[in-house]
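Quick caveat, the model's predicted, so the values are computed rather than measured. Scope of the values below: all heavy atoms of this structure, side chains included, with no hydrogens, waters or symmetry mates.
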Amino acid sequence: MNFKNNISIITYAVLIGIFPTALFSQVSEPRAIDEFIKPFAAANHFSGVVLAAKDGKIIYEKAFGLANVEHNVPNKIDTKFGIASINKPMTSIVMVRLIESGKITLNDKLSAFIADFPAGDKITVEMLARHRSGIPHRVMPESDETKRFTPAQFVEVVKKANLAFEPGSEELYSSAGYAVLARVLEIASGKTFDSLLDEYVFSMAGMGDSLDYDSRKIVRNTAESYLLGIEGYTASPRKDYSFLVGAGSVFSTTRDLFDFGQAVIGGTFGNTVKQNLVREGVFRSNGSTNGYRSNMRIDDNQGYGYVIVSNLGSGANDLIINNVRNLLEGKEIAAPIIPAPEIDDSVENKLSDYPGRYKLGGSSFEILVEDNRLFAGPFRLLPIGKDKFYSYWNYAEITFKRGANREVIGLEWLGAGGKTDWTRQ
């Protein structure tokens, strides 16, 4: 589910004492970036590291918030964060290098590597890489995401999932499909996926602080993930990120990600990789999992780049991402504002009316009730009116829609980037 730019402005309260809009165009870019971010960090709405560069040189790099709230450990510029789906282009780089070495082709059938995979004679390596295999995005309940899996073990879980469509007939974003691709790359090369990343990605780009997740190892200087709630930092669900192998299992730093982006756009990984990942002079990638957010953009045309990573699931991330980009492009931006939704627990909403899966195109997510509280996936929805709720995760208002018989038939997700209408399945 992608709620990018769905940031509600209806309930915003202006933060007093910050530069007015006009002044943002009159100060240096580093200062303007800093002044925009600081209010969100001070309100405990942003926690992470921000890096900005011009003409390949870093002009701004600063850490905010806490890597570990329980022990009051601050983030640092070399703190490691879960980078979620920025892992996927790294996996595609490994795939390209194995293709170039003759160990695999895009047309190879999945059954050539995993003989008993359902419909494996119809699914190709290219379908896995382009999200056209029919394998669902998630294939097991969240309660099982706390368990450690080897890539081979996780493929056994994926085998049990029903395909969403006939392989090759449609497109559906699938992290589980990329996990299967990671296992295929292991079999084709005879090497473990983490060693493939080290050989073909990390060492090539000089990414000395990056690694593939392994819950058996103690990794120092790593940020825990959190979600934003009405009281600030709240605990996010515990997960073992091995179920996201190849799709979101890498932890990295802003410096390493900047070097990765520079390597992609500079051709370090070869022309095939550059042609596949760079569009009109721009390499960009982003990801979100649990409380981690990551976003990077290297724009060779305009000569700027940025990397923003966070360990706090909050709508502030989208505001910071959008406005750092605007500032680097020389655009004026509005003064930073902090949301102040009017949460009203006295509203009599019947929570049992809302649970279910909601769909928009090829995307879907689940609304559920736990301990008399409403959630969209792991993110809590707070009451602000009749059939209306607020999400701190992306500063959005959610309104459930009812049919002629008063049953819930869908919902409207309203943000500054517009509104989306989701249908209940």
Side-chain angles (χ1 to χ4, degrees), residues 29-30 33 48-62 77-104 106 129-130 178 181-182 185 189 193-212 246-287 294-309 321 324-330:
E29 289 161 337
I33 291 171
V49 181
V50 178
L51 179 154
K54 275 294 190 74
D55 300 321
K57 296 181 179 179
I58 296 171
I59 62 170
Y60 181 86
E61 189 176 23
K62 189 172 180 178
I77 60 173
D78 61 347
T79 297
K80 300 178 183 69
F81 294 78
I83 64 170
S85 289
I86 294 181
N87 188 173
K88 289 183 176 72
M90 297 176 182
T91 301
S92 70
I93 289 171
V94 174
M95 180 188 71
V96 168
R97 300 308 298 272
L98 293 184
I99 290 172
E100 292 173 341
S101 64
K103 292 183 171 62
I104 195 171
L106 289 174
R130 299 190 183 279
Y178 256 72
L181 177 59
L185 299 177
S189 65
F193 185 69
D194 62 334
S195 67
L196 290 171
L197 285 174
D198 286 338
E199 180 178 356
Y200 292 121
V201 181
F202 301 155
S203 63
M204 293 287 290
M207 301 168 66
D209 287 323
S210 301
L211 70 156
D212 197 47
S249 55
V250 168
F251 279 62
S252 188
T253 65
T254 51
R255 275 294 176 104
D256 271 12
L257 290 179
F258 178 67
D259 290 342
F260 172 63
Q262 292 286 89
V264 169
I265 211 156
T268 300
F269 300 113
N271 287 331
T272 300
V273 167
K274 184 173 181 177
Q275 290 169 5
N276 285 331
L277 296 182
V278 178
R279 294 290 180 269
E280 298 180 348
V282 177
F283 171 58
R284 57 187 176 185
S285 188
N286 66 84
S294 59
N295 194 288
M296 64 180 298
R297 182 184 180 97
I298 307 295
D299 191 321
D300 203 31
N301 297 321
Q302 300 190 62
Y304 75 81
Y306 63 76
V307 179
I308 299 169
V309 293
I321 290 164
V324 166
R325 176 182 174 184
N326 287 336
L327 287 167
L328 290 172
E329 292 181 353

(message) Rounded to the nearest 0.5 Å, what separates atom CD1 in I321 from atom OG in S294?
(response) 8.0 Å
(message) Do I59 and Y304 have side chains that approach each other closer than 4.5 Å (heavy atoms only, starting at C-beta)?
(response) no
(request) Hey, could you give me the CZ/OG1 distance between R97 and T272, rounded to the nearest 0.5 Å? (result) 9.5 Å
(message) I'd like to check I86 versus L257 (side-chain heavy atoms, cut-off strictly below 4.5 Å). Are they in contact?
(response) yes
(message) Looking at every non-hydrogen atom in both residues, tell me the closest pair between M207 and S252 and how far apart they are.
(response) CE-OG, 4.2 Å
(message) What's the separation between atom CD1 in I298 and atom OG in S285, rounded to the nearest 0.5 Å?
(response) 11.0 Å
(request) Could you walk me through whether Y200 and L98 pass the side chain to side chain contact (heavy atoms under 4.5 Å, CB included) test, one step at a time? (result) CA-CA 9 Å; Y200 292 121; L98 293 184; 4.0 Å; yes
(message) I'd like to know if the side chain of Y178 reaches the main chain of A129, judged simply by a donor and an acceptor atom lying under 3.5 Å from each other, with no hydrogens or angles considered.
(response) yes
(message) Quick one, S203 and D198 - any side-chain contact, counting heavy atoms below 4.5 Å?
(response) no
(message) Can you confirm whether E61 sits close enough to L51 that some side-chain heavy atom of one is under 4.5 Å from a side-chain heavy atom of the other?
(response) yes
(request) Would you mind reporting whether L211 and D194 have side-chain heavy atoms less than 4.5 Å apart? (result) no
(request) Please determine which of L196, N276, V273, L106 meets the side chain to side chain contact (heavy atoms under 4.5 Å, CB included) test together with M95. (result) L106
(message) Whether the D78 and T253 side chains hold a donor-acceptor pair (N or O, under 3.5 Å, no angle test) is what I'd like checked.
(response) no
(request) Taking ring-ring contact (aromatic ring centres under 6.0 Å, His included) as the test, write out the residues that go with F269, two or more places apart. (result) F260
(request) Report yes or no: does N87 contribute a side-chain atom to a donor-acceptor pair with the main-chain N or O of S249 at less than 3.5 Å? (result) yes
(request) Look up atom CG in D299 and atom OH in Y306, then write down how far apart they are to the nearest 0.5 Å. (result) 9.5 Å
(message) Quick one, N286 with R284, criterion side chain to side chain contact (heavy atoms under 4.5 Å, CB included). Give me CA distance, side-chain angles, the key distance, then yes/no.
(response) CA-CA 7 Å; N286 66 84; R284 57 187 176 185; over 6 Å; no
(request) Measure the shortest side-chain to side-chain distance between F81 and T254 over non-hydrogen atoms and say whether it is less than 4.5 angstrom. (result) no
(request) Taking the side chain as every heavy atom from C-beta outward, state whether F202 and D256 have any atom pair closer than 4.5 Å. (result) no
(message) Around atom CD of E329, are there more than 12 heavy atoms from other residues, nucleotides or ligands closer than 6.0 Å?
(response) yes
(request) Starting at CZ of R255, measure out to CD1 of I58 and round the result to the nearest 0.5 Å. (result) 3.5 Å
(request) Taking the side chain as every heavy atom from C-beta outward, state whether D300 and F283 have any atom pair closer than 4.5 Å. (result) no
(request) Let me see the working for D209 and F251 under side chain to side chain contact (heavy atoms under 4.5 Å, CB included), right down to the final yes or no. (result) CA-CA 8 Å; D209 287 323; F251 279 62; over 6 Å; no
(request) Decide if atom CG of N301 counts as having more than 12 heavy atoms of other residues, nucleotides or ligands within a radius under 6.0 Å. (result) yes
(message) Once rounded to the nearest 0.5 Å, what's the spacing between atom CD of Q302 and atom CG of L328?
(response) 9.5 Å
(message) One pair to check against side chain to side chain contact (heavy atoms under 4.5 Å, CB included): I93 and M204. What are the steps and the verdict?
(response) CA-CA 11 Å; I93 289 171; M204 293 287 290; over 6 Å; no
(message) For a quick test of reading the model, state the closest non-hydrogen atom pair linking A205 to A263 and the distance between them.
(response) CB-CB, 3.9 Å
